[in-house]
Q: 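Questions regarding the structure given below will be posed in turn.
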There are 2 protein chains.
Amino acid sequence: MLSMGLREKKAQRNRDRIIAEAMALFGGSGIGYESTTMEVIAEAADISPSTLYRYFPTKDSIVLASLMRNTAKFSEVFAQRVKELPVERALAEAIFAVLAVEDAEPKHALMVRSILSQSPVARARLWDYLGELQFQLTRQLAECLGKKPDDLSINLTARIALEVLMAAADIWRDSKGKVSSRGTAAQFMRLLREGVVLFPDAGTEDVSKGAVLKKSTKKSPVRKIESRLRSR
Amino acid sequence: MLSMGLREKKAQRNRDRIIAEAMALFGGSGIGYESTTMEVIAEAADISPSTLYRYFPTKDSIVLASLMRNTAKFSEVFAQRVKELPVERALAEAIFAVLAVEDAEPKHALMVRSILSQSPVARARLWDYLGELQFQLTRQLAECLGKKPDDLSINLTARIALEVLMAAADIWRDSKGKVSSRGTAAQFMRLLREGVVLFPDAGTEDVSKGAVLKKSTKKSPVRKIESRLRSR
DNA sequence: CATCTTTTTGGTAGTCACTGTCATTTACTA
DNA sequence: TAGTAAATGACAGTGACTACCAAAAAGATG
């Protein structure tokens, strides 16, 4: 019961075969993402279109399956490293780990990026997936630091971490693999550490008037609560 | 010649009518995004499907047109304010300006967000649009600060600014409009200013070995702002 | 091994977003 | 008023994706 039966083995074989054939058709020496129909993919993988749709409900899910093999590293590495390292180090290493995978297989990574640039829907899926990653990371960070998941500083940190990851990958892709993505990420981290952030340290109050958080009441004369809330 | 002829007037009327009818059908008391076919929209707007496709090449472009009316404020306000204010203030005001528009029309904003959650393709378009915004902002910032557009600190600043904008909007949406988006944005800015950023100040080099960028040889002054690292 | 059940597969028909073409109508112009 | 260029609408596709049903394959049971 524990070992895979003939059924599951076949299914796994089919899944791998579909991804391989599809990616070959999509990028590189193939015919491009848009002009590769699901029928063609099915034919290349020796199954019927119906069955293909049963394995992958949408065309872009094939690309996503390929992409997730890389990004899955993130949460994994972070969860492991955070046990023995300070949070910020674990975060950095998780970022480097994902980028290292892409560095190791530049052809595959560039192909995925190429497909992404061809298909808005694929991009949408990636975005959704990043949202999930962010959600997950937020919870992990909250747990490590003993804060609530809806803490704004946690939220911001998770967002920025993933933004650094994406930014480094973007710049790497734009340079066609010439600049090291890990180097770029390291520079971003240094910039963050040094405080490049361009935000005013005063005067935001008048612009964001009425910016009271949560259930703070409608009592108008409590302007000072604002500063108390934000000074923490 | 300069004044709009009958043709352009009619076209404008059609555009407005299409957007209005479509948005009514998509959200709120309508029948939802997916189940509203282009044919139905055409019928509601009193034109043929062919003509509808001539006005809006894709279904999601109708949503996007509605969304852009808000986000267009960003570059506009920034370009204007940066003339008389320091860059960081102008950036903050641009963010607040966009959020203010959403605050002013919460029903419309929530509807757009609802549609976005229904359609991956619409999300993809929004993402693409954000990419353009980021590109534009990067150039604007570079010009203001006298740096090259491919400067990493510029790149990072633009990304973070838009991330703050999106984050505030996200949180506002998740709270169904209860928390002030401008207040949240202000808090994010404060956190950034105080240096919440969780990144190590040493040891990144060994992980990102070989990560040498153009002029990265320049060793920067080590400012340890990190003393305030969130260790609570 | 034969039989029964469950899962997997393939085929068929349909919906809908979107494209291309072409004749017709409509707004502008000489 | 006639002529031109643009806008429109009808029609016929293509391709992603869905729903449905019958046949084949895998597993369980006698």
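In what follows, chains carry the letters A, B, and so on, assigned in the order in which the sequence lines appear, proteins first and then strands, with residues in each chain numbered from 1. Computation of the quantities below employed the complete heavy-atom set of this structure, encompassing side-chain atoms and omitting hydrogens, waters and symmetry-equivalent molecules.
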Q: Can you pull the ring-ring contact (aromatic ring centres under 6.0 Å, His included) pairs that have at least one residue in residues 110-137 of chain B, sequence neighbours excluded?
A: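 Found A:W127-B:W127.
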Q: For residues 11-60 of chain A, pull every pair meeting ring-ring contact (aromatic ring centres under 6.0 Å, His included), keeping only residues two or more places apart or in separate chains.
A: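 For residues 11-60 of chain A: A:F26-A:Y33.
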Q: For B:F78, check ring pair (Phe, Tyr, Trp, His ring centres under 6.0 Å) against everything at least two apart and list the hits.
A: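 None.
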Q: Over how many whole Å does the gap from B:I47 atom CD1 to D:dG9 atom P extend?
A: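 About 7 Å, once rounded to whole Å.
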Q: How would you list, by chain and number, every residue that makes a side-chain hydrogen bond (donor to acceptor under 3.5 Å, both in side chains) with A:S48, sequence neighbours excluded?
A: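 In terms of side-chain hydrogen bond (donor to acceptor under 3.5 Å, both in side chains), with neighbours along the sequence ignored, A:S48 is linked to A:T51.
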Q: When every nucleotide of nucleotides 11-22 of chain D is labelled 5' to 3' by its protein contacts under 4.0 Å (heavy atoms), B for base, S for sugar-phosphate only, - for none, what sequence of letters results?
A: B---SSBB-B--
Q: Please enumerate all protein N or O atoms sitting under 3.5 Å from an N or O of nucleotides 2-4 of chain D, with distances to 0.1 Å.
A:
none

Q: Taking salt bridge (Lys or Arg N to Asp or Glu O under 4.0 Å) as the test, write out the residues that go with B:E163, two or more places apart.
A: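 With sequence neighbours excluded, B:E163 shows a salt bridge (Lys or Arg N to Asp or Glu O under 4.0 Å) to A:R159, given in chain and number order.
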Q: Excluding sequence neighbours, so at least two apart, what forms salt bridge (Lys or Arg N to Asp or Glu O under 4.0 Å) with B:D174?
A: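 B:D174 satisfies salt bridge (Lys or Arg N to Asp or Glu O under 4.0 Å) with no residue once adjacent residues are dropped.
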Q: Calculate the interatomic distance between A:K10 atom NZ and C:dT8 atom C1'; express it in whole Å.
A: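 Checked: the NZ to C1' distance equals 7 Å.
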Q: Quick one: is C:dT8 close enough that its OP1 or OP2 comes under 4.0 Å of any side-chain N or O from A:Y55?
A: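 Checking A:Y55 against C:dT8: no side-chain N or O falls below 4.0 Å of OP1 or OP2.
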Q: Distances under 3.5 Å only, N/O to N/O: pair up the protein atoms with those of nucleotides 3-6 of chain C.
A:
| unit_1 | atom_1 | unit_2 | atom_2 | d |
| --- | --- | --- | --- | --- |
| C:dT6 | O2 | A:R7 | NH2 | 3.4 |

Q: For B:K9 and D:dA6, what is the distance between atoms NZ and C1' respectively, to the nearest whole Å?
A: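 Roughly 19 Å, once rounded to whole Å.
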Q: Does any part of the side chain of B:L192, heavy atoms only, come nearer than 4.5 Å to the side chain of B:V164, both counted from C-beta?
A: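 Yes; the side chains approach each other to less than 4.5 Å.
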Q: Please determine if a side-chain N or O atom of B:S48 lies less than 4.0 Å away from the OP1 or OP2 oxygen of D:dA10.
A: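 Checking B:S48 against D:dA10: no side-chain N or O falls below 4.0 Å of OP1 or OP2.
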Q: For B:R125, which residues count as a salt bridge (Lys or Arg N to Asp or Glu O under 4.0 Å) partner, sequence neighbours excluded?
A: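 Residues passing salt bridge (Lys or Arg N to Asp or Glu O under 4.0 Å) with B:R125: B:D60.
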Q: Run the salt bridge (Lys or Arg N to Asp or Glu O under 4.0 Å) test against B:R13 and tell me which residues pass, sequence neighbours left out.
A: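 For B:R13 there are no salt bridge (Lys or Arg N to Asp or Glu O under 4.0 Å) partners, ignoring immediate neighbours.
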Q: To the nearest Å, give me how far apart CD (A:E8) and C1' (C:dT9) are.
A: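 Distance, rounded to whole Å: 17 Å.
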Q: Side-chain N or O of B:N14 less than 4.0 angstrom from OP1 or OP2 on D:dA7?
A: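 No.
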Q: Using the test side-chain hydrogen bond (donor to acceptor under 3.5 Å, both in side chains), find all partners of A:S75 that sit at least two apart in sequence or belong to another chain.
A: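 For A:S75, the residues satisfying side-chain hydrogen bond (donor to acceptor under 3.5 Å, both in side chains) (neighbours in sequence not counted) are A:Q136.
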Q: Check A:D46, A:I47, A:L52 against A:N14 for a side-chain contact (heavy atoms from CB on, under 4.5 Å) and give me the one that passes.
A: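 Only one of A:D46, A:I47, A:L52 forms a side-chain contact (heavy atoms from CB on, under 4.5 Å) with A:N14, namely A:I47.
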